[in-house]
Each structure stands twice: as C-alpha cells, then as structure tokens.
Amino acid sequence: MSNAVSALPGAAHAGIASVTEMGLQGMVTLRGDHAEIAAAVKKVAKQDLPGQRRINGGLGKGVAWMSPDELLILCAYEDAASIVEKLDKELKDAHHLAANVSDARAVFAVEGPAAREVIAKLCPVDMAVFEDGEIRRTRMAQVPAAFWMAGPDTIHVVCFRSVARYVFDLLATSAAEGSGPGFF
Amino acid sequence: MLLLTCPNCGVAAEETELAPGGEAHLKRVGPGSEDADFEGYLFLRKNPKGVHFERWRHANGCGKWFHAARCTVTLEVFGTYSAQTTEPPKDILLKIDDKRPGWRG
Amino acid sequence: MSTRLKSGGRLIDRSETLKFQWNDKWLRGHPGDTLASALLANDQTLVGRSFKYHRPRGIVASGVEEPNALVGLGKGAKFEPNQRATTAELFDGLIAESQNHWPSLEFDIGAVNALVPKLFPAGFYYKTFIHPRAFWKHVFEPVIRKAAGLGKAPKDRDADRYEHFYAFCDVLVVGGGVAGLNAALQAAKEGKRVLVLEQTPHWGGRSPVDGGTVDGKPVADWINDTVEALERMDNVRMRRRCMAAGIYDHGYVIGYERLTDHAPAKQGPRHRLWRIRAGHVVTATGAIERPLSFAGNDIPGVMLASAVRDYIVDYGVSPGDRVVVVTNNDDAYRTALAVREAGLVVPAIVDARPEANGALPQAARAAGIMVKTGTGIAKVQGGKRVTGVELCAQAGEGATLETLPCDAIAMSGGWSPVVHLWSHTGGKLTWDAERAFFAPDPSRAPVGHDGAPSVSVVGAAAGDLTLPAILDGAEAPEETPLRPVWMMPEGASADKRLKMWLDYQNDVKVSDVQLAAQEGYESVEHTKRYTTLGMATDQGKLSNINGLAVLSDALGQPIPQTGTTTFRPPYTPISMGAIAGEARGEIFQPLRRTPIHSRHEAAGAHWEPVGHWRRPYCFPKAGESHRDAVNREINATRSGVGLLDASTLGKILVKGPDAGQFMDMLYTNMMSSLKPGKCRYGLMCSENGFLMDDGVVVRLDDDTFLAHTTTGGADRIHAHMEEWLQTEWWDWKVYTANVTEQWAQIGVVGPKARAVLEKLGGMDVSAETLPFMTYAEGTLGGFDARVFRISFSGELSFEIAVPASQGLAFWDALAEAGAEFGITPYGTEALHVMRAEKGFIMIGDETDGTVIPQDLGLDWAISKKKDDYIGKRAQERSHMTDPERWKLVGLETLDGSVLPDGSYAVADGTNANGQGAVQGRVTSTYYSPTLGRGIAMGLVLHGPDRMDEEIAFNTVSGGTVKAKIVNAVFYDPEGEKQNV
Amino acid sequence: MRRYSAFAIAREALRHHQGWERAWKSPAPKESYDVVVIGAGGHGLATAYYLGRNHGIRNVAVIEKGWLGGGNTGRNTTIIRSNYLQDPSAAIYEKARSLYETLSQDLNYNIMFSPRGVMMLAQTEHEIRGYQRTAHANALQGVQTEFIGPQKVKELCPIISLDGPRYPVLGALWQPRGGTARHDAVAWGYARACSDMGMDIIQQCEVTAIRSENGQVSGIETTKGAIRTRKLAIVVAGHSGVLAEMAGFRLPIESVALQALVSEPIKPCMDVVVMANTVHGYMSQSDKGEMVIGGGADGYNNYTQRGSFHHVEETVRALVETFPIISRLKMLRWWGGIVDMTGDRSPILSKTPLGNCFINCGWGTGGFKAIPGSGWAMAELVAKGEPGPLAAEFGLDRFREGRFIDESVAAGVAH
C-alpha cells in the first residue's frame with residue numbers, strides 16, 4: 001500500500017563496491033516438511049523445491065532453503081499476503097506455518113568486482129568458493145544475515161529491518177575507498 | 001576457535017555462528033520426581049577431561065540444534081549428529097573407541 | 001662511530017633522501033631504511049633507557065626481536081608508544097622520540113638506580129616496602145609506577161580505522177624466507193590453495209645477507225624466480241607486512257597486516273586483522289640469534305652479529321669503525337667478513353671454542369682477521385657506548401689478558417628456532433643438545449579438529465639452520481658445530497655476573513636468575529615471574545634460552561628438565577585497534593530501531609537503551625526536565641490519550657495441532673483453554689523455576705497462538721521455544737516463527753483512546769464488539785490492523801499492530817486524528833510509572849532471576865490443573881516453597897516521599913556475619929503524578945500478612961525511611977477504567 | 001625464617017645476596033598428616049596457612065600437581081573488590097578484602113595490595129537501579145561503596161569517554177578500598193609462611209586416587225606415593241570435577257576457559273580499576289604499566305587453557321570504545337585459565353558425601369579476590385568439620401534445595 005516504506009529508502013554508497021538498499025521486497029516464511037510442502041510451493045510460488053542451502057530464482061520471484069523444515073519464498077511485496085493465503089489453503093491438511101515477513105526484513109545489493117571482499121570482511125564464510133545459487137545464513141559482524149549471488153559481481157544481503165542502518169553502515173565502511181584487500 | 005559441521009544445513013560453522021548448549025542426552029525430570037534426581041538433571045552435569053557429548057545450536061545460521069562429540073582436552077571433534085536422538089550414534093561411538101581406547105572408563 | 005657507508009645497502013634507494021625527526025632533531029635517511037638503520041646512519045647509538053635501572057640502551061638487533069630500540073612514533077591522534085625502531089619503515093616526515101627517561105635521553109635521573117644494582121636484586125619489591133602499611137599505596141607504588149612503564153600513553157582518540165578479513169586456504173605458510181617460499185611452491189604445485197604471510201616488507205628472509213647459491217646461482221636469484229612463479233599461480237596468495245600473530249584451535253590463525261604504517265598518506269585502514277582458517281599450517285618462521293652473557297653486554301654498541309651484518313649489507317650502515325666479533329659458532333664469521341668487506345676494521349674475532357677451523361674461520365684468517373680461540377670477553381669498556389673490550393680465557397674466571405679498543409661488538413651465542421607458533425596450540429619441543437636449542441618435535445605436533453597434525457615446520461624454525469639443509473641444489477660454506485656458552489667466562493665472579501644482562505629491557509641479569517634458583521623459585525614459570533625475565537615487550541625472544549640455561553645450571557639439572565615457559569600469542573604485539581576492527585563509533589554495536597524511530601528522534605526523544613534497541617525514555621519539550629516530561633505524559637494519558645511505540649515487544653507465532661499442549665508447558669497458565677479471539681496474560685518460567693518473561697498470549701485460531709514477550713525477551717524466548725521443540729519434544733507438531741519485526745505496534749491509551757480510533761474510522765472498536773482482553777483484525781484509517789484490547793496502564797487501551805513498513809504512516813495518522821484530543825506520545829518511564837500505579841509487575845524490576853511467580857502474588861496465573869510446566873518441578877523444592885520467602889506488596893512512605901531505588905527493609909540486629917539484618921527490599925519506586933506522592937513495590941517477609949504495618953528502609957547514608965505496607969494496586973483497584 | 005626488609009636487602013647486598021635462604025622448602029611427603037590440602041594455588045595455600053594460624057593445625061601437607069601458584073592464581077587480572085549484592089558473597093569477599101589490607105605485614109612478604117579503588121560503570125537505567133541496589137545492600141553489609149555520578153567518574157579516570165555514541169556513562173558503583181595485588185606474590189607469600197610453620201608443600205606431585213574407609217577419607221595415592229590423612233581438603237579450581245570423581249561424587253560444575261590479556265607497558269594513565277559490564281570489559285593498569293584486561297569465558301567445556309579469539313575481540317572492542325586512547329596500544333600477551341562454573345556462579349565451600357573430605361571450588365571468574373577469605377573460611381570448615389558463618393551458605397546442598405546465591409541479578413557480574 002502507498003504508505004509502505006522500506007527500512008532505508010534510497011540508501012546508497014559507492015566505494016570499492018556499491019551498496020544499495022533494494023526497497024520493499026515480498027517475503028514469506030514457510031515451515032513444514034519439505035516433501036509435504038513441495039507441491040504447494042511449486043503451485044503457489046512457481047518454483048521447484050531448492051536443495052540444501054540453495055536458492056531458486058531471486059528477489060521478486062524465488063524460493064530459498066533456510067533449514068530442513070523452513071523455506072523463504074521471495075515475491076513482489078504486494079503479493080506476500082495472498083501467497084500466505086494460498087499456501088494455507090493448499091496446505092490446510094498439512095502441518096505447516098506460513099507467515100508474511102516482508103516487513104521484518106531489509107535487503108541490500110553489494111555490487112562490483114570487490115563485492116565478495118566486502119562480505120568477507122564481515123562474515124566467517126569462504127567467499128572465494130561461494131557459488132551461484134547458494135544461500136548462506138550466517139553472522140554479519142554482530143547480527144544474523146543471509147546472502148546469495150545475484151550476479152557475477154552482485155550479492156544480495158538480507159537482514160532484519162531493525163538493524164538495517166547498522167548493516168548498511170557496516171557494508172559502506174567495508175566498501176570504503178582504498179580498503180580493498182585484493183584477495184579474490 | 002572451534003569449527004563444527006552442522007548436520008542440519010551442512011555448513012562447517014566456526015564458533016561465532018554457534019551457541020553452546022551444554023551436556024547432551026539429558027533426561028528431563030518432571031514433577032513428582034526425587035529432589036536428588038532433579039538436582040542431577042539440572043545441575044550435576046558431566047564435566048569430563050576427555051570425550052564429551054554436548055549440544056550446540058547453529059544460532060547464526062539455520063537455527064537448528066545438533067549434537068557434537070568432542071574431546072575437552074585436545075578439542076578433537078569425533079563427529080556431529082542430530083539433536084533428535086537420546087544417545088550418540090553407533091558409528092561415532094566406534095570411531096571414539098578406535099581413537100580413545102578405554103574412554104568409556 | 002656508526003655511519004652510512006659510501007656504498008652498499010641492497011634495500012635502500014640512495015637516489016632519494018628522506019627527512020625524519022628524532023627528539024626534535026631533524027635527520028636524514030633513504031627509502032628502504034628502517035628507523036633503526038637510519039638512526040645508526042646518523043650515529044644515534046643511544047636510543048632508550050631500560051625499564052628498571054634506566055641504563056643506556058642501544059640497538060641490539062635488526063628485526064622483531066629487538067628489546068631496546070622502542071620509540072614513540074607519530075603525534076597527537078596518530079601517536080603510538082613502544083614501536084620497535086628495527087621494524088618501523090622510514091618515511092618522509094616520520095616523527096620519533098625516545099622513551100623512559102627524564103629529563104633527557106642523555107641525562108636521565110632514573111639512572112641512579114643503575115648505580116646500585118646490588119640493592120635491586122630479583123624479588124627486591126617482594127622483600128621491601130612492607131612497612132609502614134599505608135606507604136605502599138601512597139609513597140612507594142606511585143614512585144615505582146612512574147619509573148616503570150616505558151612509553152607515554154596516547155592522549156587522543158585514534159584517527160585511523162581498522163578492519164577484519166576472513167580468508168580460507170588449504171595451506172597457510174608462515175614466513176616468506178627460502179624455506180617458506182619453497183614449501184609454498186610445493187603445496188601450490190599440488191594444486192592446493194596457498195596463502196603465504198611474511199611479516200617484513202621483503203621476501204627471502206636472511207638468505208640474501210647470509211649468502212649461498214642454488215644451482216650455482218646466488219640465492220637471491222632463486223628467491224626472485226620463486227616469488228615470481230608463485231605470484232603467477234591463481235591458487236596462491238602472497239602478503240607482505242602481514243604477520244601470523246597466533247595460531248588457535250582448528251586451524252584458525254590470526255594475521256596482522258600493516259597497511260599504512262610505512263605510508264601514512266595511503267588511503268584505507270591502518271591495520272587489517274586476518275581471520276584465517278587453514279587446512280594446514282606450515283611455519284617457516286626462521287631462527288633468532290642469541291646474545292652472549294658477558295659483563296657489560298648491554299652497553300650501546302654491543303649488537304647481535306647477524307644484526308651488524310644486516311645493517312652493513314641491507315642498509316649500507318656501519319655500526320662502528322672497529323668491530324670486535326665474539327662468538328661460539330661459525331656463522332658469526334660471516335659478520336667479520338662483511339665488516340671487512342665494507343672496509344672497516346675487525347680488531348679480532350673472539351671465539352670461545354678451543355679451536356675454529358671451519359670454512360668460514362679459514363676464510364676470515366685468509367682475509368687477515370685475527371682469530372682468538374678459547375677466548376672470552378672479561379668486560380666491555382664504556383658507558384653510553386662501547387669504547388673497548390677486555391679479553392680473557394673463556395675457561396677462567398675473567399682475568400683480563402688484553403684490551404682492544406673498539407666501538408662496536410658483534411656477538412653470537414648461536415641460534416634459536418622460532419617455535420612460538422608451533423607451540424601456540426600445544427606443539428611440543430625437544431632439546432637438541434648438539435646444537436643447543438629447542439626445536440619442534442614433529443611426532444608431537446598440535447592437532448586439528450580431526451585429531452590429525454595441523455601444523456608442520458620447515459627451515460631454520462625446524463632447526464635446519466643452513467641453506468643446503470633447506471633446499472636441494474643449494475650450497476654454502478660447511479659450518480662446524482658450535483659450543484654452548486651460557487656465561488663468559490665460565491668461572492665469572494659474582495661482580496661480573498651482576499653485569500651480565502639476559503633481559504635488556506627488564507634489566508634481568510645472570511645473578512638475578514641464580515638468586516631466584518637459590519631462593520627456591522625453581523620452576524621456569526616461577527623464575528620468569530620472580531625476575532620478570534622474558535616478560536618485556538620482546539617477550540624474551542633474546543633472553544629466554546640464555547635465562548633457561550643459567551637457571552638449569554643453577555639447579556644442576558639438564559635444560560630439558562627445566563623446560564620452557566608457555567608460548568602465547570601474539571608473536572609480536574598487535575594493535576588494540578586492529579583487534580577491535582570496524583566495530584567503533586556508530587557501528588560499535590548494532591543499534592535496533594523501530595519503524596517509528598525517526599519520528600521519535602525528530603520529537604527530541606531522550607533515549608534509553610533496552611538491549612540493542614533504543615526506546616524513548618520520554619519526550620521532553622523545550623526547557624522541560626525529564627521528570628516534568630514524564631509527569632506530563634502520564635497526566636495527559638490518564639486524562640486524555642497517550643501514544644506509545646510498543647513495536648519492540650516480542651511477537652512469536654506458535655502453530656500446529658500440538659500448539660496448545662506446548663503453550664501449556666511454556667506458560668504457568670492454562671493456555672490450551674484460551675478461546676480464539678481472546679487474550680490472556682501469561683507467565684513463563686525457566687526450568688529452574690524462576691520467572692523469566694511475561695506477556696499477553698492471543699489465540700488467533702484453533703491452531704495458532706501469538707505470544708507477546710518483553711522487549712528483551714523476543715529472541716531469547718523464541719530460542720527457548722525452539723530449544724524445547726527441537727531437543728525435548730521433537731515429536732510434537734508445533735512450528736514457531738518470530739514475527740516481532742513484521743509489525744509496528746502502537747499503544748493508544750487513555751479514556752479518549754476509542755474516540756481517536758473512531759475518528760480514524762474503520763473497524764468497530766466498541767466495548768461490545770471488542771471487549772477487554774479480546775482481539776480483532778480489520779482496517780483503521782485504511783491501514784490493515786490487528787487490534788488488541790489489552791492494557792499495561794490501567795486505562796482504556798488498544799494495542800494496534802500494522803505492518804512495519806506502514807508503522808510510521810500509522811503513527812502519523814494517529815497523531816493527526818488524536819490532535820484534537822491532545823494525544824501525547826509517551827516513553828518507557830511513563831509506561832513504568834503507570835504500570836506501577838496499577839501494581840503490574842515488570843520483568844527486570846520485580847524479577848531479577850531469583851524470583852518465582854509465587855513471590856509476586858501471581859498464584860492466580862499458575863494453573864493448578866496442569867501436571868507439568870517448565871519450572872513446575874523446580875518450584876517444588878524446599879527453598880521455593882519456604883513460607884519465609886519475601887512476597888510482593890505495595891509501599892507508601894509516610895511523608896509521601898519517593899523511596900530510594902534499591903533500598904532494603906532493615907530488621908533488628910545482625911546476621912551471623914555481622915551484616916545488618918534485612919526483611920525485604922524495594923523492587924520499583926516512583927513518583928506518581930496521578931497520586932501526587934511516592935509509590936513503590938517491594939518484596940517483604942510475610943508482606944501480605946502485614947498490611948498497614950510500618951517498616952524502615954535504609955538509605956546509603958546510613959539513615960532509614962519509614963514506609964507503610966499497602967496493597968500494590970495504587971490506582972483503580974477495581975479495574976473499571978481499563979474495562980470500558 | 002629470615003625476615004624480609006630493606007635492611008636485610010642492604011646487608012645481603014654486601015655479600016652478593018648469597019645469604020638468602022629458600023622461600024619455601026621442598027620436602028618429600030611424610031607417611032601421614034592431620035590434613036592434606038590438594039592444590040597449592042592461592043586458595044589451597046591460604047587454607048593451610050589459616051589452619052595453622054587460626055586453628056593450630058600444622059601437621060599439614062599441600063599437594064600440587066604442577067608448581068605452586070601455577071594455576072589461576074597466576075593467571076587472573078588481580079582485581080580485589082567486595083561490592084557484591086548477596087549477603088553471603090559480600091561477607092566472604094569483604095573478609096578477604098580486609099585481610100588483603102594487612103596481608104603483606106602478616107606474611108612479611110610484599111603482595112603489593114593497592115587499594116586504588118574499583119568502579120563499575122552504569123551505562124543503562126537498569127544498571128543504575130542494579131548498582132543502587134548493591135550500594136544499599138553494601139551499606140548494611142559493612143562494605144564501603146557509593147554510587148557516583150559521571151563527573152566523579154571522569155575525575156577518577158580521565159581516560160574514560162563519558163559519552164560514547166552507544167552507552168553514555170551514567171554513573172558508577174565506586175568501592176574506594178577495592179584494588180589490585182601482585183597475584184604471584186600472594187601464592188608465594190602464603191607458601192613461605194606455611195613452610196615456615198613446618199607445613200610440607202609438595203610440588204610436582206599429582207593425586208591419582210582418594211582412599212576411604214567406611215565412608216571416611218583415609219588418604220590419597222600420588223605420583224610420589226601414598227599419603228595417609230585424617231582430613232582432606234580439595235582446592236583445585238579448574239580440576240575440581242576430576243578430583244570429585246576420585247572421591248566418588250559429582251559436582252554442579254563445568255570447566256570452561258577464561259581469557260585475559262595485557263598491553264605493552266606505558267606510563268601511568270589509569271589509577272583505578274574500571275569494569276564496564278554493559279559492554280563486557282574491564283581494565284586496570286599494573287605497576288609495570290601494562291593495561292590488564294579481562295576477557296570473556298567460553299560457553300563450552302574446555303581444559304586447554306586456551307579460549308577462542310572472538311572473546312578477546314569483544315572485550316577489546318568494548319574497551320577501545322570506553323577508553324579511546326588504548327586503540328593505538330598493542331596487545332602484548334594473551335592467556336587463558338580453566339575456571340569452574342557452578343549452577344549459580346557462586347563458589348562451593350562444603351562438606352562432601354565422603355566423610356572428612358571437604359571441597360572449595362566454583363569460584364568461576366572471581367577467585368583471586370577471595371583468596372584470604374576463602375582460606376579463612378575453608379580452614380574453619382576443615383578444622384571444625386562444620387562450616388562457620390562465612391561458609392555456611394555455600395554448601396553443596398543448596399542446589400538440591402533451590403537456595404541459590406545469584407550475583408548476576410544485580411547489573412554486576414562475577415569477575
């Protein structure tokens with residue numbers, strides 16, 4: 001709805017990589033036995049069930065593997081509520097939990113040849129071998145975050161809305177001019 | 001700085017992604033039980049100098065709990081396994097027998 | 001004198017001249033110089049004062065092992081004390097000052113200590129300053145502290161930034177010398193991911209100075225070729241100026257990269273702390289030369305033989321015109337030859353060994369250098385610098401046989417492998433008696449997470465001190481064995497031992513270690529701590545083995561039996577800034593903001609940190625005190641309508657066929673009986689019985705509950721739920737989701753609350769459709785809203801949740817709609833006072849981790865029908881059912897004043913330990929603007945049975961305040977106002 | 001025993017200090033003792049010392065696996081304070097603190113007690129309330145503390161940044177007679193005094209078994225042979241669980257690694273001890289000039305005396321924020337110790353299921369400051385067979401009864 005604003009509308013920084021807040025994104029948490037919910041996901045989200053720590057699609061349209069009994073469905077912000085409804089309908093006989101969490105999150109794009117290095121300053125993850133199609137839930141400095149490759153030099157980062165400013169400042173600091181380790 | 005592989009999501013997670021949860025395979029003691037049993041359950045934790053079975057949560061990760069078999073002296077990790085079990089899996093026990101003969105004391 | 005030679009210096013660029021400041025004096029050097037080489041080039045042999053005796057100190061070494069040449073670098077926000085001149089690279093405009101002297105380096109009052117070293121033996125402090133008692137703190141200690149301490153403390157906030165970086169590799173090679181480069185090449189050829197760290201700016205380590213050939217070509221060529229080859233491989237990464245500071249468990253290594261120390265104009269962070277996870281670590285950390293213990297071995301001008309060589313070959317600097325070399329091994333002859341090659345004089349090579357006929361000694365003799373075998377140094381002449389040396393028979397007691405004038409002495413007691421990193425995670429060492437050093441024992445290597453060896457060691461660090469031992473096809477002069485010399489001469493008198501320095505910086509002498517042994521401080525750890533041997537900023541890189549040998553000798557036992565001290569990270573000191581990394585200022589810690597944060601900021605909120613959240617404490621208007629603001633907010637709310645940002649409250653979905661059963665275990669209340677659409681206040685206890693959280697539970701539908709938690713509780717309680725579901729009741733069909741941040745939650749509170757919502761328009765919020773403790777979904781002013789009829793203030797109250805993204809707009813809409821009703825935003829303090837007026841407990845105030853619900857008169861919220869809930873069994877323990885437990889009551893001072901926060905209710909007499917007896921304490925105390933007096937809650941012995949009794953509460957000044965025990969509900973006891 | 005003094009030093013100086021005798025003897029164990037104390041750390045040695053001094057029991061052996069004072073006594077951050085909240089804690093820590101005041105004189109060994117003052121910063125409203133509560137409790141407990149405002153904090157410690165962007169300093173709980181002491185000297189001083197009383201301190205002697213006859217302790221087996229004893233005191237910090245197992249019972253204890261570090265020495269810039277519990281860090285400056293910094297404890301069982309580096313990062317970041325000038329100082333030395341954590345983080349001084357076997361353990365992260373009081377109370381427990389008032393509340397039975405002594409309830413922590 002028109003009143004809706006993302007956590008840091010228009011926030012952007014340019015350095016060894018660019019950091020941009022991606023605006024409102026639709027997100028649905030779906031918990032349930034993956035086998036039991038696969039069909040509904042296929043039907044409602046138009047995506048195949050991703051394997052362990054994989055993501056199919058991306059922002060706007062995608063499904064990510066979050067844990068053995070949890071998926072994250074990515075969609076247009078406006079569609080999240082109806083997707084929850086549809087899932088509940090499809091899964092009315094299956095034990096599950098579907099919740100719209102679009103407003104609980106913030107999303108950033110880190111772009112540029114040094115994007116991996118910016119993340120490697122903050123997360124205990126081997127970014128040298130981080131693959132396309134993989135989603136990693138981890139610790140970014142002092143908060144939980146998740147990210148995946150959205151392109152050869154583009155990483156999409158998801159964090160909780162309340163720490164959006166902290167995460168943006170972290171990424172911007174890590175992307176400061178002249179701070180590139182030149183490692184990857 | 002420990003490195004434990006989360007059996008739930010497959011990540012070889014460093015300690016900062018994890019939250020320790022103390023002794024594994026405790027049997028909960030509820031109302032009507034003896035004071036001594038309840039004390040044993042809640043406080044008299046195993047504190048071995050050697051092989052230890054413990055609980056961890058992949059807190060900054062998939063959020064799931066798992067178990068680890070670890071030596072508290074060398075910090076060697078014999079294996080990690082599901083939290084949904086009341087005892088260590090055979091293969092891990094055999095591995096420990098192999099590496100620490102007589103550890104069962 | 002020490003000066004710059006006309007030619008030579010493989011590391012410096014003579015075409016360019018740099019200016020730098022030394023104690024307000026401007027001096028010159030070249031790119032490639034270290035501060036130490038530049039100082040020597042300017043005949044600055046005196047560079048500091050020692051820790052205890054303030055003795056003159058000169059440069060001893062050429063690398064990280066330097067104990068003496070510690071200086072203050074930079075100015076103001078870039079000042080750093082205790083920097084080693086030997087590792088500080090020179091740049092134009094560098095500012096350095098010497099340390100630990102007053103008034104000046106040349107004339108230091110503290111040096112009087114040096115006149116009476118006999119009076120300051122090891123353990124001196126423990127034996128003196130005992131009487132009179134008060135003197136230690138007020139007289140002795142301040143003097144001692146002032147005299148100690150080396151460098152000045154920085155004054156300003158650090159102007160630089162720092163960062164961390166996570167790197168992973170299969171093989172980490174520590175050390176970029178020949179052995180390290182070779183190991184890297186082998187691993188790289190096997191296709192491994194290799195990372196090579198070199199602490200200096202240069203590849204190759206000592207080899208280019210010490211010489212030798214590989215496949216007939218100078219070793220320097222091999223180094224260049226190998227570095228080039230490695231740099232061409234994608235699977236290899238090379239970092240210079242990056243030291244492996246410490247090895248931790250499971251292959252974790254801390255790297256310390258210095259990015260701008262040598263180039264202040266360079267952009268970016270000053271230091272980068274590398275958090276490396278390596279499959280395997282190869283330490284190629286080289287070896288460090290040992291000094292010799294002879295009388296006066298600390299006089300400026302006495303240097304390590306290798307250092308003298310380095311200054312000549314690397315920097316084209318001569319430490320002296322006449323250099324006497326004293327040694328117990330062949331390697332030091334290289335120095336004599338280098339000195340001679342530089343056109344300087346070597347009056348003699350003093351060799352403690354009975355004979356020296358190796359290739360190098362032969363070469364020295366051939367060069368016409370006098371070699372005196374079986375000889376030692378009886379005494380060094382000179383004060384602030386060496387003027388000469390007295391020679392004696394090494395076997396004797398030190399009678400002077402002859403005196404040689406000289407201005408520098410190059411000493412070598414042999415080499416010790418750098419085993420620090422090997423030892424950090426438990427790698428064991430063995431003593432090599434033949435070559436007189438501790439070397440890593442590959443059969444007792446540190447193990448990794450898989451129990452396999454996680455560290456290996458190559459090159460000099462492994463004890464292979466010569467090029468041919470390290471590299472196939474390498475050639476270098478054959479070296480004959482050294483002869484361990486721990487004291488020179490062997491039979492040195494007490495007077496001489498008093499002047500033989502082991503630890504230059506901490507002024508620990510041979511005689512001190514011997515005294516420690518004599519007094520029973522037999523463990524190496526005891527001796528280290530008793531004498532402070534090896535505890536200086538160099539961590540004993542030069543002194544440990546020599547000290548150990550002296551101790552072993554004093555105890556009459558072999559060195560391995562004495563053992564070494566533990567090696568701990570860091571290898572050399574690393575900056576606190578680097579350890580802190582990016583986490584400073586605004587990003588020191590995450591700051592959690594609600595969707596309405598910016599409005600509160602604009603409204604001039606006074607903030608209160610709650611966990612990582614920041615909540616408005618109150619909204620003071622211009623010229624208004626916080627107290628006034630809080631009172632105004634309360635009055636406005638009770639008489640009209642107030643607005644509270646409650647978004648931080650935890651909101652957790654609990655769903656599934658077994659959700660009711662699960663909620664019954666989580667809460668003390670019966671939750672499974674709650675009807676959809678209804679709300680119920682619930683209590684949560686830990687398994688240990690203590691009250692840990694509270695909040696309103698809403699049943700959204702048959703399958704689904706929404707559990708509200710405290711602000712601090714959201715993540716903790718969600719984790720608590722998941723823990724029980726995953727590790728105890730994993731067969732129960734329940735899923736949870738923490739949706740706290742999905743919703744902005746706003747409390748519209750006060751008699752006019754309904755009017756505001758009706759003005760906003762939308763769903764029916766009448767008492768009939770939406771009575772107290774119920775919930776409904778609908779729209780308000782066009783917003784999708786969930787409305788909860790719950791009250792934490794005792795007033796008519798609606799808590800309204802809208803999607804977080806719309807929270808700000810909804811807040812504005814409410815403010816606008818409420819304007820005509822004087823709607824007033826209020827903060828946490830008003831919230832606290834209003835709940836206290838109602839006698840509602842607050843987690844963290846009434847509870848502190850030792851309180852159970854029964855203490856708080858909350859038995860009504862504890863279901864009697866349930867067999868079990870988390871904490872129930874714990875609450876059956878004798879101390880939990882003890883009738884003597886303090887119980888919650890209200891408290892009113894007789895004079896209407898506010899009881900002091902944290903005050904205790906005093907009882908008669910004292911307890912067995914003579915402490916004043918108590919019978920209760922204040923848990924919450926406020927001024928209530930509603931009642932116009934102080935109100936409080938507290939836990940009191942038998943409180944509920946003592947209504948209207950007066951008891952005394954203590955004040956910190958020793959007085960007491962009288963208060964009457966009353967009902968804790970001060971405001972609207974019948975609850976009519978909230979239920980309308 | 002030759003007394004230590006400036007005059008003794010001067011006299012010895014004339015003969016090159018040849019005349020100094022051993023600070024403590026190193027005898028072979030006798031066949032039997034009235035009391036055997038296992039553990040020659042500060043607590044064990046203090047227990048032996050007060051057994052002799054207060055109860056006239058001198059036929060005592062102190063058995064040490066390694067070197068005396070080689071455990072946590074020599075690995076802590078030397079802070080001494082008694083501003084605890086709960087009565088039993090305040091009682092024993094204040095007893096210890098007051099004994100520290102005169103310990104150098106009592107032992108004729110300068111342990112360098114420096115009552116420079118300890119402050120605990122309040123950086124949230126909640127912490128203010130917590131410390132005000134502690135101040136009120138201390139007022140009744142005879143512990144001299146006061147809650148001071150930010151300006152006083154700045155006066156006492158000028159290098160503090162009062163208004164960091166995150167947690168402005170709102171005040172502090174100030175204990176003027178808290179401070180520091182030279183940790184090794186405490187062990188050495190007690191050892192010297194015990195040895196002087198004729199007690200046997202037996203180092204490099206590991207206990208391999210505990211012997212009992214019909215429920216009563218009868219002796220121990222060691223790597224230096226069997227030793228009979230009427231009473232046994234187990235005072236071994238990090239290894240309490242191992243010894244308890246030998247004695248046939250289990251303790252409510254888990255052993256974890258606690259870390260500490262020091263900076264390079266600098267000239268005096270900080271005259272007080274500061275603890276900042278909201279951000280988790282504390283710091284003081286040693287007489288040598290090193291900034292002494294306490295790190296966090298790991299949450300998992302660990303006997304390696306090595307902690308994980310991220311705790312050091314957390315502590316240092318907190319202190320750089322609180323004391324900005326230390327950013328350009330360097331970490332010189334880092335180490336870890338094994339501390340035993342009980343269910344309520346408070347110590348255990350108690351009888352045990354085994355007759356005449358007593359245990360003193362569970363000091364967690366705060367043991368050094370308690371040494372004299374702990375020894376005093378333990379000696380009384382061992383001598384009389386029943387706890388005196390200082391130890392009464394610290395019995396093992398409290399966990400069964402749910403009678404905890406929880407210090408974490410105030411904003412304070414048990415460093």
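Values below: every heavy atom of this structure, side chains too, minus hydrogens, waters and symmetry copies.
- For chain B, the option among D:Gly299, D:Gly307, D:Gly241 with the highest count of heavy-atom pairs below 4.5 Å is D:Gly299.
- B:Lys46 has its side chain out of reach of D:Glu254: every pair of non-hydrogen atoms, C-beta onward, lies at least 4.5 Å apart.
- The part of D:Asp298 that comes within reach of chain B is its side chain, from C-beta onward, which places non-hydrogen atoms under 4.5 angstrom from that chain.
- Interface remark: D:Leu396 contributes backbone atoms only to the contact with chain B (heavy atom separation under 4.5 Å).
- With hydrogens and angles left out, the side-chain atoms of D:Ser255 and B:Asn47 include a donor and acceptor closer than 3.5 Å.
- Within the 4.5 Å cutoff, side-chain heavy atoms of B:Glu15 are placed close to those of D:Tyr300.
- Within the 4.5 Å cutoff, the side chain of B:Val73 has no heavy atoms near those of the D:Thr304 side chain.
- Using a 4.5 Å heavy-atom threshold, the side chains of B:Lys49 and D:His239 count as touching.
- Around the CD atom of D:Glu245, the shell of radius 6.0 Å holds no more than 12 heavy atoms that belong to other residues, nucleotides or ligands.
- At a threshold of 4.5 Å between non-hydrogen side-chain atoms, the residues B:Leu44 and D:Leu251 do not count as touching.
- Ring to ring, D:Phe404 and B:Phe43 are close: their centroids are under 6.0 angstrom apart.
- Note that CZ of D:Arg400 is 13.0 Å distant from CG of B:Leu42, once rounded to the nearest 0.5 Å.
- Interface summary for chain D: among B:Glu54, B:Arg45, B:Glu14, B:Glu23, the most heavy-atom pairs under 4.5 angstrom belong to B:Arg45.
- Looking at B:Ala36, both its backbone and its side chain come within 4.5 Å of chain D, counting heavy atoms on both sides.
- Between B:Arg70 and D:Asn301 the shortest side-chain heavy-atom distance falls below 4.5 Å.
- Nearest heavy atom pair, residue D:Tyr303 against residue B:Pro48, reads CE1-O, 3.1 Å.
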